[in-house]
Asker: 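Provided herewith is a single structure, encoded as structure tokens, for subsequent inquiry.
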Amino acid sequence: MTAKSYTFSHAICRAPSRSSSDGLRAVDTGAPDLAVFEQQHADYVAALRTTGATVTVLDAMEAYPDSVFVEDAALCLREGAVIMRPGAPTRLGEAAEMIPHLTALYQEVLQVEGPGFVEGGDILTTEREILVGLSARTDHAGVEELRQLVDRWGYTVRIVETPPNVLHFKTDCSLLDEDTVLATKRLDASGCFEGYKVIHTAEGEEACANAIRFNELVVMPAGFPKTRDVLATAGYTIREVGNTEAAKLDGGMSCLSLRFTPR
Ligand code: CIR
């Protein structure tokens, strides 16, 4: 297995903080239960570790209620990492916090300096290109700066649209393999996956579109049996992890880790 878009030697996660009760959410369905969140987070880390990857769990960061969602702070590629510039003002400072952890592992760490914004949740790296969804958190200027930064490593950036009222592009899709994505019907209808095989989330199970392919596993939130069975029948090895607490903060499987193989 050599696909660089889903073969990873490392992951970085961050423990949920007590302040996660103040995390951003579109609809308030109550604060996460910290003990349950910690257990679900531990289950997630354990799932990644079963593939043999080295998973670092950083200490909780109380100053940043959404800092458990490390994915938004950086884009990790084989050749180097890029520190993002989160569009949520309360999250802007999270990006700089990630610099020392990535410079310890990568020779080259670049940074989106602004004035534009990009969050990692809007970025889907496939085997052939990097798709970036414009959203309330990611704007044109941010994507253009990102495009210039990754051009040196030979990556093509394609701008796509995150559906209205959807937090991030990857809220609605995931990479499954070199040619295949899991996506909601509403996102696929935008035409952004032309040339890819698309497996749709089952009716009523749109909330499981945010899964991750991590080495041999597809890690997905528990509680979406129809989509799980479709993916299992298609030949993927599924690992379900409880996600009820991160979901209260609009977070899912991709948000909880940075996944990479540093050069
Ligand atoms: C936020 O609104 O920024 C957090 N509550 C959730 C971030 C989820 N991250 C992701 O989808 N990559």
Side-chain angles (χ1 to χ4, degrees), residues 11-34 37 40-41 44 48 58 60-76 81-95 97-98 112 117-125 130-139 142-143 146 160-175 181-184 187 201 206-214 219-221 241 243-260:
I12 294 179
C13 301
R14 186 183 290 283
S17 58
R18 288 188 304 281
S19 63
S20 64
S21 53
D22 296 324
L24 299 171
R25 56 265 219 182
V27 177
D28 192 0
T29 58
D33 177 316
L34 184 58
F37 202 174
Q40 293 180 337
H41 192 265
Y44 176 85
L48 301 189
L58 304 175
M61 220 168 31
E62 296 300 336
Y64 296 102
D66 285 299
S67 55
V68 65
F69 303 117
V70 285
E71 174 181 64
D72 296 314
L75 172 65
C76 294
V82 184
I83 304 296
M84 296 287 103
R85 191 157 186 269
T90 57
R91 303 201 59 192
L92 194 54
E94 287 175 36
E97 297 286 344
M98 202 50 79
V112 175
F117 297 98
V118 200
E119 293 194 358
D122 280 314
I123 305 176
L124 182 73
T125 305
I130 299 177
L131 284 82
V132 189
L134 299 175
S135 72
R137 304 287 183 84
T138 294
D139 62 15
V143 185
L146 177 65
V160 290
E161 296 283 339
T162 300
N165 305 317
V166 172
L167 174 60
H168 285 130
F169 183 65
K170 273 195 313 224
T171 304
D172 267 31
C173 67
S174 318
L175 185 76
V181 293
L182 172 69
T184 60
L187 179 58
T201 50
E206 289 73 15
C208 73
N210 183 268
I212 51 167
R213 177 71 193 267
F214 189 84
V219 184
M220 67 178 287
V241 175
N243 188 54
T244 55
E245 304 317 292
K248 291 175 184 168
L249 304 177
D250 306 328
M253 298 291 105
S254 76
C255 324
L256 295 172
S257 60
L258 287 169
R259 304 163 291 281
F260 56 103

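What you are looking at is a predicted structure, and each value in this text was computed from that prediction instead of being measured. In each ligand, atom 1 is the first atom listed, and ligand 1 is the first ligand listed.
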Asker: Report, in ascending order of atom number, the atoms of ligand 1 lying under 4.0 Å from any heavy atom of Gly121.
Answerer: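 Within the 4.0 Å cut-off of Gly121, ligand 1 contributes 12 (N).
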
Asker: Just checking, any donor-acceptor pair under 3.5 angstrom between side chains of Ser254 and Glu71?
Answerer: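 Yes - a donor-acceptor pair under 3.5 Å links their side chains.
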
Asker: Pull out every atom of ligand 1 sitting under 4.0 Å from any heavy atom of Asp72, numbered as shown with elements.
Answerer: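 Those atoms are 7 (C), 8 (C), 9 (N), 10 (C), 12 (N).
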
Asker: Using every non-hydrogen atom in the two residues, find where Ala209 and Thr171 come nearest and quote the distance to one decimal.
Answerer: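 Smallest interatomic distance, heavy atoms only, reads CB-O, 3.7 Å.
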
Asker: Verify the neighbour count for atom CG of Asp28: are there more than 12 heavy atoms of other residues, nucleotides or ligands below 6.0 Å?
Answerer: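 Yes.
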
Asker: Among all protein heavy atoms, pick the one closest to atom 4 (C) of ligand 1 and tell me residue, atom and distance.
Answerer: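 Of the protein heavy atoms, Asp66 OD1, 3.3 Å lies nearest.
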
Asker: Please state which option from Lys248, Arg137, Arg25, Met253 has its nearest heavy atom closest to atom 2 (O) of ligand 1.
Answerer: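 The residue whose heavy atom sits nearest atom 2 (O) of ligand 1 is Arg137.
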
Asker: Any idea which part of Leu24 is under 4.0 Å from ligand 1, heavy-atom wise: side chain, backbone, both or neither?
Answerer: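 Contact part for Leu24 vs ligand 1: both backbone and side chain.
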
Asker: Indicate whether the side chain of Asp122 and that of Thr162 have a donor and an acceptor atom separated by less than 3.5 Å.
Answerer: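 Thr162 and Asp122 do have a side-chain donor-acceptor pair below 3.5 Å.
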
Asker: CG/Asp33 to OG/Ser21 distance, rounded to the nearest 0.5 angstrom?
Answerer: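 Output value for this atom pair is 11.0 Å.
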
Asker: What I'd like to find out is whether the side chain of Ile123 reaches to under 4.5 Å of the side chain of Leu146, using heavy atoms alone.
Answerer: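 In short, these two side chains touch, coming nearer than 4.5 Å.
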
Asker: Out of Glu71, Arg91, Glu119, Lys170, who is nearest to atom 7 (C) of ligand 1 when you count heavy atoms only?
Answerer: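 Minimum heavy-atom distance to atom 7 (C) of ligand 1 goes to Arg91.
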
Asker: Report yes if some N/O of His168 lies less than 3.5 Å from some N/O of ligand 1; otherwise report no.
Answerer: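 N/O-N/O distance under 3.5 Å: yes.
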
Asker: Run the numbers for me: atoms of ligand 1, each under 4.0 Å from some heavy atom of Leu249, listed by number.
Answerer: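 Ligand 1 atoms under the 4.0 Å threshold to Leu249: 4 (C), 5 (N), 6 (C).
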
Asker: Which residue holds the protein heavy atom closest to atom 10 (C) of ligand 1, what is that atom called, and what is the gap in Å?
Answerer: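 Nearest neighbour among protein heavy atoms for atom 10 (C) of ligand 1, to 0.1 Å: Cys255 SG, 2.7 Å.
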
Asker: Would you name the heavy atoms of Ser257 and Ile212 that are closest together and state the gap between them?
Answerer: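 That closest heavy-atom pairing would be OG-CD1, 4.4 Å.
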
